[in-house]
Structures are given as C-alpha cells and as structure tokens.
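Read through the structure below, which is laid out as structure tokens, and then see the notes.
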Amino acid sequence: MKTIGPGSTIGMLGGGQLGRMMAMAAAQLGYKTHVYCPEIDNPAEQVSDQATHGKYEDMSALKKFASAVDVVTYEFENIPVSTVEALSEKVAVFPNSKVLQISQDRLSEKTFLNELGIKTAPFSAVSNVDEAASVLEEISYPAVLKTRRFGYDGKGQAIVKSVNDLEQAWQTLSSDQIIIEGFIDFDMEISVIAVRGQDGEVRCFTPVENRHKNHILDISIAPARISDALKEKAIIQATKIINNIDYVGVLTVEFFVSQNDPKLRVNEIAPRVHNSGHWTIEACPSSQFEQHIRAICGLPLGGTSFIGEARMTNLIGEDILKLPELLKDGNLNVHHYGKSEVRAGRKLGHVTKISVK
Ligand code: AMP
C-alpha cells in the first residue's frame, strides 16, 4: 500500500460534476487536482488546480499528464481501457482497468455477476433481428433491448412489448451488438455505494432508493425503505463484487427490488462515484467523494453512518431556474454544477434535505 499524502496532485480523467465534487473533496483533504478531458468548458476544471484538454486517445498528451500527477482516477466509465492501461505504465491508476473491461459491455458485466452467483435479469446477446426474434420467444415479452456498450440514462435501449415492436426497436438502436433482457416488474430501484481501500477494507453506505423520471435519476431517498434483511443482502452482494475485482475506490451497484424471489437483481455496476450517492455529502461523516479520495491515496476509509433520512433531488434542465426559490429554504443543501448551458435532460445541480434522526 502506497500512501500519497496531502499536497500531492490527483489526476482525474473526466471533467463532469462528479469530478467537480471529487476535486472539492480532494481540496478539503489538502490535495490538488489536475483534470484531463477533451471539453474546454467543464464543471470540474472550475474547482481544480490544473487542466489538460486532450482526447483520451492522445498518448503524448496523456504521457505528459501522467508525469505531472501522483495518482490517477476517473469520474466516468467510458474511458477507453487502452488509456487506463497506458497511464498505468507511468503512474498508479485506481480503479484498475479490469473493472472497465467488465462494466463497459453489458454482456461481460452480466456474465461476471452471474458467475459470482449474483442474480440479474435473464439476458442473451444477439447480433441480428432474426436472432433477436428467436431469443424473444424464450425470454418472452415484454423485454428490453439494450446496446451492449455506451448506454446511459435510458439511452441505447428500447422496450419491446410484442414481436410487432421488434423491427422498429432494432432500427432505433442501430447496432449489431445488442443484449436482450427480460423485463423486471420491480417495486423499487436501489443502489449501494461501496468503497474499498488499498488494504482491502470494504465499507458500504446504507442502500439508497432511487426514483427516475424519463429514465434520468430524479430523487434518491436514504435509507431505502426496504427491510433490514434486504439491506444487508444488498450490502453483502456489493461487497462480494468489489472484493472480486481487486478494486480500489468507490463502486456503485444498482439493484431492482421485487416482492417475489429473487428479491434482488443487479441491473448494473458503475466503477465510480454516483448520482445516487450525493446525499452522503451532508448526511455522512465522509462523503462518497471523500471516501474515493481516501481509498486511492491509501488513507484510512471514513465513516459511513448517517445523521438522518436524506432526500436528494436532481435539478435537471430548467429545474435550475428554481434556484433563487430553493435558496430561500435555509435547510436545503443546494449544489450548482457551474454549467453555463441549460438543456433539457442535462443534470445542472441537486438539492439535499436531511431530516435529522
Ligand atoms: P440502465 O441504462 O440499464 O441503467 O437502465 C435505465 C433504467 O431502465 C433502469 O433504471 C430501469 O428503470 C429501466 N430498466 C432497465 N433494464 C430493465 C429491465 N430489464 N426491466 C425493467 N426495467 C429496466
């Protein structure tokens, strides 16, 4: 285990709001942040010490970046594996590239989970519409078609209710790397934010309940309103996953919760801090962002207890215009990501309300 002490520089791939909040947590612990991303106008850079604008494939810019930082991490999961591998030859990178390899492809992700004995929706990979039709006979309708790679916030997916929808869904996704999943009639979606240190210690925040609007996270409520036994089960599964890939940093596991068995199915894993963990900033001794910094720098992990029920609401698109009104409630924790352009569906900020126990 190598401790990287305060005063050192953390290199961060990606410049979004997750990177911004990570840089703020790093600054609190005395670290500097150097952002690497292609976008010139980005939320993370506004609160970081340095920035390099370059493509993730630009090996000479990456080499220079690697020599200017003490450790590298990332704030989004679609960083090319080859980028992380190239950086790893020059500087420590956490989390490792193995987790990217698994999580960037829904087929390898679900196969990995099932091999660990963790339940997912039934799935099958297909590459043409005829294959899809015969798989759908087995999986039955409704089902969800998803592109294997680069899907997020409901993008790259389509529901098929009957064979009549198939052709249209196939055209919409326009890919020959598709996964078909059985539709899970779940009661709730939850996630577990887990952190693993360089020494292998794992800590998890209490499972959080997530509600979506138009496929985008709208509200998170912590703790999730499920039984203690189910919370425990979700934490055990998240711990099994994070331990199995020799992971360092924060990893998020998203689950569907159903009344009938299996009560828990993993939908996906995200090798990063997560929108559903923002409530930890105000509710916990150490936020998900701080835990990530602690883990990658080889510091002891922080506390995961919480002071009361937390409700986080995303400010999406024009919601951000409500800011002056929201600021009048002195009990709301208000976050603005510093993005200049208001666009429908764009995450521009969030608010958290804590009801102290
Ligand atoms: P994903 O891009 O896989 O995170 O999916 C986005 C959202 O679509 C999830 O949060 C669910 O609300 C819904 N969804 C995804 N997969 C399924 C499924 N197999 N059954 C039912 N709903 C799903």
Side-chain angles (χ1 to χ4, degrees), residues 16 18 76-78 99-100 102-114 118-126 132 135-136 138-162 165-166 169-170 172-175 177-193 207-222 224-226 234 237-238 241 251-278 312-314 316 345-347:
L18 298 176
F76 90 117
E77 65 271 46
N78 287 329
V99 71
L100 286 181
I102 295 170
S103 65
Q104 283 179 355
D105 182 343
R106 292 185 194 271
L107 176 62
S108 55
E109 181 179 56
K110 287 193 163 56
T111 306
F112 160 75
L113 291 166
N114 288 178
I118 290 172
K119 298 274 191 295
T120 59
F123 65 93
S124 200
V126 294
V135 162
L136 281 162
E138 257 172 68
I139 284 187
S140 94
Y141 297 91
V144 189
L145 264 63
K146 300 181 180 176
T147 52
R148 279 172 50 182
R149 298 171 71 84
F150 305 122
Y152 69 98
D153 287 346
K155 291 191 177 67
Q157 63 173 270
I159 293 183
V160 283
K161 294 197 175 122
S162 76
D165 298 341
L166 180 57
W170 195 268
T172 314
L173 298 181
S174 80
S175 164
Q177 288 212 313
I178 296 288
I179 192 165
I180 300 186
E181 290 180 23
F183 184 86
I184 306 301
D185 190 14
F186 55 80
D187 295 324
M188 191 191 284
E189 293 184 77
I190 64 164
S191 51
V192 172
I193 315 282
V208 56
E209 176 178 336
N210 301 317
R211 297 207 210 138
H212 297 81
K213 212 157 65 184
N214 305 322
H215 290 289
I216 303 173
L217 183 67
D218 180 29
I219 295 175
S220 288
I221 300 166
R225 290 164 297 183
I226 53 172
Q237 292 192 11
I241 295 167
L251 174 125
T252 305
V253 185
E254 295 179 39
F255 298 86
F256 296 138
V257 179
S258 307
Q259 234 139 47
N260 302 323
D261 284 329
K263 292 194 171 72
L264 282 180
R265 292 179 198 256
V266 171
N267 177 32
E268 62 180 359
I269 57 177
R272 54 169 170 81
V273 288
H274 196 260
N275 195 168
S276 66
H278 292 355
M312 187 280 323
T313 307
N314 269 336
I316 297 167
R346 196 175 193 208
K347 291 176 182 170

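Read the numbers this way: they start at 1 and go in the same order the structure lists the ligands and their atoms. For the numbers below, each heavy atom of this structure counts, side chains included, while hydrogens, waters and symmetry mates do not.
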Verify the distance criterion only: is there a donor paired with an acceptor across the side chains of S258 and D185 at less than 3.5 Å?
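On atom types as modelled, these side chains do not qualify, holding no pair under 3.5 Å.
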Looking at K161, I'd like to know if its NZ atom is crowded, meaning that more than 12 non-hydrogen atoms belonging to other residues, nucleotides or ligands lie closer than 6.0 Å.
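No, the 6.0 Å shell around NZ holds no more than 12 heavy atoms from other groups.
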More than 12 foreign heavy atoms under 6.0 Å from CG of N214: is that the case here?
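Result for CG/N214: open.
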Just to verify, what does D105 make a salt bridge (Lys or Arg N to Asp or Glu O under 4.0 Å) with, not counting sequence neighbours?
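Only R148 meet the salt bridge (Lys or Arg N to Asp or Glu O under 4.0 Å) criterion with D105.
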Nearest atoms (heavy-atom pairs only) where F76 meets R272:
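Result for this residue pair: CA-CD, 3.9 Å.
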Mind listing the N or O contacts between ligand 1 and protein, cut-off under 3.5 Å?
residue	atom	partner	partner atom	Å
ligand 1	2 (O)	R106	NH2	3.3
ligand 1	2 (O)	Q157	NE2	3.1
ligand 1	3 (O)	R106	NH1	3.0
ligand 1	3 (O)	K146	NZ	2.8
ligand 1	3 (O)	N267	ND2	3.3
ligand 1	4 (O)	N267	ND2	3.2
ligand 1	4 (O)	E268	OE2	2.9
ligand 1	5 (O)	Q157	NE2	3.0
ligand 1	10 (O)	E189	OE1	2.5
ligand 1	10 (O)	E189	OE2	3.4
ligand 1	12 (O)	E189	OE1	3.4
ligand 1	12 (O)	E189	OE2	2.8
ligand 1	16 (N)	K146	NZ	2.8
ligand 1	19 (N)	E181	OE1	3.0
ligand 1	19 (N)	G182	O	3.0
ligand 1	20 (N)	I184	N	2.9

Tell me whether S191 contacts the main-chain N or O of E254 through its side chain, where contact means a donor paired with an acceptor under 3.5 Å.
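Answer holds: no.
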